[in-house]
There are 2 protein chains.
Amino acid sequence: MVKAERIRIYDVARVAGVSVATASKALNDTGRMTEATRQRVKQTAASLGFRPNAMARALTQHRSFTVGLLTNDTYGRFTLPVMAGISEALVDEGVSVFLCGIEDDAALARLHVDAMLDKQVDGIIATGKRIDRRLPVDLSGLPVPVVYAFTEGPDDAVTLVSDDAQGAREATEWLLGKGRQRLVHITGPQSFASVTARARAFSAAAGAGAAILYGTWSEAWGHEAVAQFWSSGAPRPDAIFCGNDQIARGVVDALRERGVAVPEDVSVIGFDNWEIVAAATRPPLTTVDMNLKELGREAGRLILELAEGKPVEPGVRKLPCKLVVRQSCGGDAIAPSDKGEAPQEI
Amino acid sequence: MVKAERIRIYDVARVAGVSVATASKALNDTGRMTEATRQRVKQTAASLGFRPNAMARALTQHRSFTVGLLTNDTYGRFTLPVMAGISEALVDEGVSVFLCGIEDDAALARLHVDAMLDKQVDGIIATGKRIDRRLPVDLSGLPVPVVYAFTEGPDDAVTLVSDDAQGAREATEWLLGKGRQRLVHITGPQSFASVTARARAFSAAAGAGAAILYGTWSEAWGHEAVAQFWSSGAPRPDAIFCGNDQIARGVVDALRERGVAVPEDVSVIGFDNWEIVAAATRPPLTTVDMNLKELGREAGRLILELAEGKPVEPGVRKLPCKLVVRQSCGGDAIAPSDKGEAPQEI
DNA sequence: CAGGTTTGATAAAACGGTTTCTCACGACTC
DNA sequence: GAGTCGTGAGAAACCGTTTTATCAAACCTG
């Protein structure tokens, strides 16, 4: 850690033989001057390795090139892809992201929001683990724009969510397209908006007669649901669409234990495309990907526009899900375009 | 989003009937003045809802109350707990964290580091997904302090890692303490330093005769290893210590499929305490927790000390792991003190 | 060639704080 | 009662940029 004195614009100006004002304008491509002068300043800056002090710049421009990401999904499989997308959209604009994990603690949330405002963030993106719950803090009336991504915000806010209904519809239609006839939907608690949205879409596509079983978001529930079905006298399904990948994994495991072949006898589709679950299932799960990274990218773009003062239409934007085809629903996958995250190490 | 004019210290000074200089000193508990004046200023500030502009403050103090977290573990089950710990240690000091995910992209890393330096971060914490690999960027010679957490740094750096050997030893001794006699270690690729450290500690505790099987970090490998063992004529183990929770889950599933009872016939212990795997395994996994959150907390404390100019002894600090007892290794758990993360929702 | 217009560049004033230096004043000393 | 000292408070400089206002010189125009 060598304390190399940082070059200031003052140094650039001196070496280039111009005033600080001229240097500033040269480097920002503003103001008027001969092209020669501008180039000379730029050259000197480059050769000196000048990098402007963002703090000083922020002070005059009222723009910190910094945004805050607030989330209650601390151990988050939802926040991380969203964060990656945001970062990807913003890094090229020189914008950095403060990540603030607030459990469900209103005081902690307040603390983080205040810290962010003190640091003059250009905007705040709120995200969470549930599309139909609010963060434990009121973000309206803040002096900076706010975008809600994968969490509920006020009615007049800019909000981004994934399109549960569309995702469920595509999955269901895919199963029907495979010639499956007796579809069942095994999903999470009915108290989740996502659950009812997906269930409705499933019913619409599969027919009102298709059974829907509500439970919890766990592998155990997947097991249990299969047990219920197989022990009852009811006609057995040839396709099961699950509310998330964990349930799907439980279902697949339970079927295997019963000697039911997946996908030959029963096709299974999950939801979330949570690699670590979907890829470890035997056979690997076909599943609905919520495109959270793209959702993050879009959130980044929107917050940037708002920060620049551009008008953005408020309202809820639904982003489409994408079916990721693996082996659990019957082989002849259309080129899966499976994103294939880097293999998990250690 | 109401643009409420932000209160400046100038406003506080005017209302309190003092100069800006006095106001500043009053609020920062510096300088000399009557207690009455100080209190009056503080009261006015509070009633006006004054919050100092962190940018302006940073400019003079050369302290931004901001640190950067650089990681290549983008979808990270390692980074997240570390991040949570860091944040926890720093939020009370008013320090915010820039999270920068660099895949394994040197150019991207450079971009983020430069952005962070421009923003005058007080320090950088580097973290990753492997204890024995470096990030694709050289962080030495930076004008700010650096702490390495769960990733390799230069020899003269401040580095924090979990104590693999101690964790493996505790797991092994726990199994021996349960009266188990024929121990086996099924683990990941030998190219990982963690693998060899854990394996050596296992050998030392279990005896040189105890078998060690190296493979990949997957459930599939856990399955396969069991298959190998059970099909060979070799004497069957009564305890299996696994290199991570995914392998352990594969092992447990394979044993169940063979009708081998866990933990009655064979005890199984995993490594990582990755809730989502450990808790979903039937029976739930006893596993070694690397205490990554505490590691993060410590990293936060250290970077803070360095930022404040306090001396910190360079070198590698090993933080102890902790055995989290669940049902997979034989019941009479000492109060598990299982951290029990909030149940996963959707 | 006087008078108006560009043009290129600069000095100085922000931005919102902190810090150093100076100073007036009452209390103490001798 | 003159000289010293400690104290509370304020003026001004500073941090590193951007931006506005200003200005001299060159350039037209009729």
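Quick caveat, the model's predicted, so the values are computed rather than measured. Residue numbers begin at 1 in each chain, while the letters A, B, ... track the order of the sequences.
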* Which nucleotide in dC15(C), dG8(C), dT19(C) has an atom nearest any side-chain atom of H62(A) -> dC15(C)
* **Nucleotide dG16(C), atom C1' - distance to OH of Y10(B) in whole Å** => 13 Å
* **Nucleotide nearest A56(B) when distance is taken to its side chain, options dT19(C), dT10(C), dG16(C)** => dG16(C)
* **Earlier contact from the 5' end, DNA chain D, for R57(A) and R32(A)** => R57(A)
* May I have the distance from L27(A) (atom CG) to dA9(C) (atom P), rounded to whole angstrom? => 14 Å
* Checking all strands, does V18(B) fall into the base, sugar-phosphate, or nothing category for heavy-atom contacts under 4.0 angstrom? -> sugar-phosphate
* **Residues D11(A), R6(A): salt bridge by 4.0 Å N-O rule** => no
* Asked: Is the distance from OP1 or OP2 of dT18(C) to the nearest side-chain N or O of S24(B) less than 4.0 Å?
  -> yes
* **Q39(A) and E35(A): side chain donor to acceptor below 3.5 Å** => yes
* Quick one: is N28(B) getting a side-chain N or O under 4.0 Å of the dT18(C) phosphate, OP1 or OP2? -> yes
* To do: Let me know the distance between CZ of R14(A) and C1' of dA9(C), rounded to the nearest Å.
  => 19 Å
* To the nearest Å, how far apart are Q61(A) CD and dG16(C) P? -> 14 Å
* Asked: T30(B) near the nucleic acid: base, sugar-phosphate alone, or nothing, with a heavy-atom cut-off under 4.0 Å?
  -> nothing
* On DNA chain C, nearest-nucleotide positions of A23(B) versus G17(A): which is more 5'? -> G17(A)
* For K129(B) and T71(B), indicate whether the former's side chain and the latter's backbone hold a donor-acceptor pair under 3.5 Å. => no
* To do: Decide whether N291(B) and R297(B) meet the rule of one side-chain donor and one side-chain acceptor closer than 3.5 Å.
  => no
* To do: Decide if atom CG of D29(A) counts as having more than 12 heavy atoms of other residues, nucleotides or ligands within a radius under 6.0 Å.
  => yes
* Structure fact -> Span of DNA chain D engaged by chain B, first through last nucleotide within the 4.0 Å heavy-atom cut-off, is dT7(D) to dG16(D)
* Asked: Taking it one step at a time, do T30(A) and N28(A) satisfy side chain to side chain donor-acceptor pair (under 3.5 Å)?
  -> CA-CA 5 Å; T30(A) 60; N28(A) 293 302; 5.2 Å; no
* How is T34(A) classified with respect to the nucleic acid when contacts are heavy atoms under 4.0 Å: base, sugar-phosphate, or nothing? -> sugar-phosphate
* Asked: Q120(A) has an atom CD; how far is it from atom P of dC15(C), in whole Å?
  -> 13 Å
* Asked: R40(A) side chain to A16(A) main-chain N or O, any donor-acceptor pair under 3.5 Å?
  -> yes
* Specify the separation, in whole Å, of atom CG of N53(B) and atom C1' of dA14(C). => 14 Å
* Structure fact -> The residue, P52(A) or R38(B), whose nearest nucleotide of DNA chain D is more 5′ is R38(B)
* Rounded distance (Å) that lies between atom P of dT10(C) and atom CE of M33(A) -> 9 Å
* R8(B) CZ - dT18(C) P separation (whole Å) -> 14 Å
* Any donor-acceptor N/O pair, D73(A) side chain to T79(A) backbone, under 3.5 Å -> yes
